[in-house]
Amino acid sequence: MTVEATLCHIIDGGRLLLQRKSAGRFGEGKWNGVGGKLKEGESPREGAAREAFEETGLTVSNLKFHGVLNFFFGQRKEPDWVVHVFSTSTFEGEPRPSEEGVLRWFAFDEIPYDEMWQDDEHWLPLLLEGKRFSGDFYFNEDGTELVDFNLKVEPAPREA
């Protein structure tokens with residue numbers, strides 16, 4: 001069954017807030033943006049804001065939608081995870097760690113891609129440039145190796 005989830009990257013100037021996932025959590029030991037599974041009836045935007053608060057203590061607003069990423073682990077016809085990706089530079093409060101993991105600000109040129117999911121190096125630079133995208137990422141069964149992917153940069157939405 002496919003899991004619907006969110007990912008929210010919090011930006012402060014030229015810095016990105018990342019979380020190193022705690023032992024026993026999905027993605028343990030990896031740096032990642034904050035996020036998680038959507039609750040019943042919750043929109044992706046609502047879920048991203050809720051997860052950001054739960055995992056960082058920050059109240060975020062003005063979330064920018066970047067796109068949807070589909071993740072497959074092993075030979076599957078349907079994605080294991082469908083992740084709605086957001087970013088924001090509008091937040092209130094001071095970051096505090098949670099049971100999900102410790103937090104740290106990274107300068108854009110110091111993002112630890114070698115300690116992150118292998119797909120991040122392909123789409124995260126697009127997010128930092130403010131672009132929209134969509135993609136499918138195919139990992140081996142245990143998620144230790146990115147086997148294949150396709151990533152599309154979307155045209156910028158027209159302003160009304």
Side-chain angles (χ1 to χ4, degrees), residues 3-71 79-137 139 143 146 149 151-157 159:
V3 175
E4 291 270 338
T6 64
L7 190 57
C8 183
H9 281 286
I10 301 169
I11 298 168
D12 182 26
R15 302 184 310 163
L16 179 66
L17 186 63
L18 294 176
Q19 179 182 68
R20 187 187 290 271
K21 289 291 184 177
S22 297
R25 303 284 180 176
F26 181 71
E28 73 176 73
K30 291 179 174 26
W31 288 103
N32 203 358
V34 296
K37 298 174 186 172
L38 288 174
K39 292 185 175 180
E40 183 80 28
E42 187 175 50
S43 75
R45 190 173 302 275
E46 292 166 338
R50 176 186 52 77
E51 287 283 350
F53 181 74
E54 290 175 1
E55 295 184 6
T56 69
L58 299 174
T59 301
V60 298
S61 57
N62 296 325
L63 294 178
K64 178 178 181 173
F65 177 69
H66 289 275
V68 175
L69 301 176
N70 299 305
F71 296 95
D80 293 278
W81 290 79
V82 173
V83 180
H84 305 265
V85 182
F86 296 87
S87 71
T88 187
S89 57
T90 308
F91 58 89
E92 294 179 12
E94 288 297 319
R96 58 158 176 70
S98 69
E99 292 178 358
E100 289 290 325
V102 297
L103 299 167
R104 181 173 157 200
W105 291 104
F106 288 92
F108 287 176
D109 62 354
E110 295 177 355
I111 293 173
Y113 288 109
D114 60 334
E115 298 177 57
M116 299 172 75
W117 286 98
Q118 293 172 340
D119 59 279
D120 290 2
E121 67 183 307
H122 300 287
W123 61 264
L124 185 53
L126 298 171
L127 178 141
L128 297 175
E129 293 170 12
K131 295 184 177 170
R132 290 183 63 137
F133 48 81
S134 62
D136 298 312
F137 292 88
F139 284 85
L146 180 62
F149 72 95
L151 181 63
K152 296 179 199 147
V153 177
E154 307 288 337
E159 297 297 323

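Proximity of Leu7 to Leu69: side-chain heavy atoms (C-beta onward) are nowhere separated by under 4.5 Å. With contacts defined as side-chain heavy-atom distances shorter than 4.5 Å, the pair Ser98/Gln19 qualifies. With contacts defined as side-chain heavy-atom distances shorter than 4.5 Å, the pair Thr56/Phe91 does not qualify. Taking the side chain as every heavy atom from C-beta outward, Leu63 and Cys8 approach each other to under 4.5 Å. Considering only heavy atoms from C-beta on, Pro44 stays 4.5 Å or farther from Phe65 through its side chain. The closest side-chain heavy-atom distance from Phe53 to Val60 is not below 4.5 Å. The shortest distance between side-chain heavy atoms of Leu38 and Glu51 does not fall below 4.5 Å. With contacts defined as side-chain heavy-atom distances shorter than 4.5 Å, the pair Glu100/Glu54 does not qualify.
Sorted by first and then second residue, the salt bridge (Lys or Arg N to Asp or Glu O under 4.0 Å) pairs with a member in residues 115-124 read Arg20-Glu115; sequence neighbours excluded. Note on residues 26-51: pairs passing ring pair (Phe, Tyr, Trp, His ring centres under 6.0 Å), not counting sequence neighbours, are Phe26-Trp81, Phe26-Trp117, Trp31-Phe106. For the salt bridge (Lys or Arg N to Asp or Glu O under 4.0 Å) condition, the pairs that include at least one residue of residues 79-98, sequence neighbours left out, are Arg76-Asp80.
Within the 3.5 Å criterion, the main-chain N or O of Lys131 finds a donor-acceptor partner in the side chain of His66. Checked by atom type and distance alone, the side chain of Glu55 never pairs as donor or acceptor with a backbone atom of Val34 at under 3.5 Å. The backbone N or O of Gly35 sits nowhere less than 3.5 Å from a side-chain atom of Thr6 that would complete a donor-acceptor pair. At least one donor-acceptor pair under 3.5 Å links the side chain of Thr88 to the backbone N or O of Ser61.
Every residue was checked against the side-chain hydrogen bond (donor to acceptor under 3.5 Å, both in side chains) condition with Arg104, not counting sequence neighbours, and none meets it. Checked against salt bridge (charged side-chain N to carboxylate O under 4.0 Å, His left out), Lys39 has no partners two or more places apart in sequence or in another chain. With sequence neighbours excluded, the residues forming a salt bridge (charged side-chain N to carboxylate O under 4.0 Å, His left out) with Asp12 are Arg15, listed by chain and number.
Remark: of the listed residues Phe139, Phe137, Phe71, Phe133, Phe137 is the sole one forming a ring pair (Phe, Tyr, Trp, His ring centres under 6.0 Å) with Phe149.
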Report task. Mind running side chain to side chain contact (heavy atoms under 4.5 Å, CB included) on Arg45 and His84 for me, showing each step along the way? Result -> CA-CA 8 Å; Arg45 190 173 302 275; His84 305 265; over 6 Å; no
Query raised in the report: Do Glu46 and Arg50 pass the salt bridge (charged side-chain N to carboxylate O under 4.0 Å, His left out) test, and can you show the C-alpha distance, the side-chain angles, and the key distance before you say yes or no?
Result: CA-CA 6 Å; Glu46 292 166 338; Arg50 176 186 52 77; over 6 Å; no
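A distance of 6.0 Å separates CG of Leu16 from CG of Leu128, quoted to the nearest 0.5 Å.
Scanning all heavy atoms of the two residues, the minimum distance from Gly13 to Phe108 falls at O-CZ, 3.7 Å. Contact detail for Trp105 and Ile11: the closest heavy-atom pair is CZ3-C, 4.3 Å. When every heavy atom of Pro95 is checked against every heavy atom of Leu58, the shortest pair comes out as N-CD2, 3.6 Å.
Atom NZ of Lys21 sits in a crowded spot, with more than 12 heavy atoms from other residues, nucleotides or ligands closer than 6.0 Å.
Checked by atom type, the side-chain pair Glu154/Ser134 shows a donor-acceptor distance below 3.5 Å.
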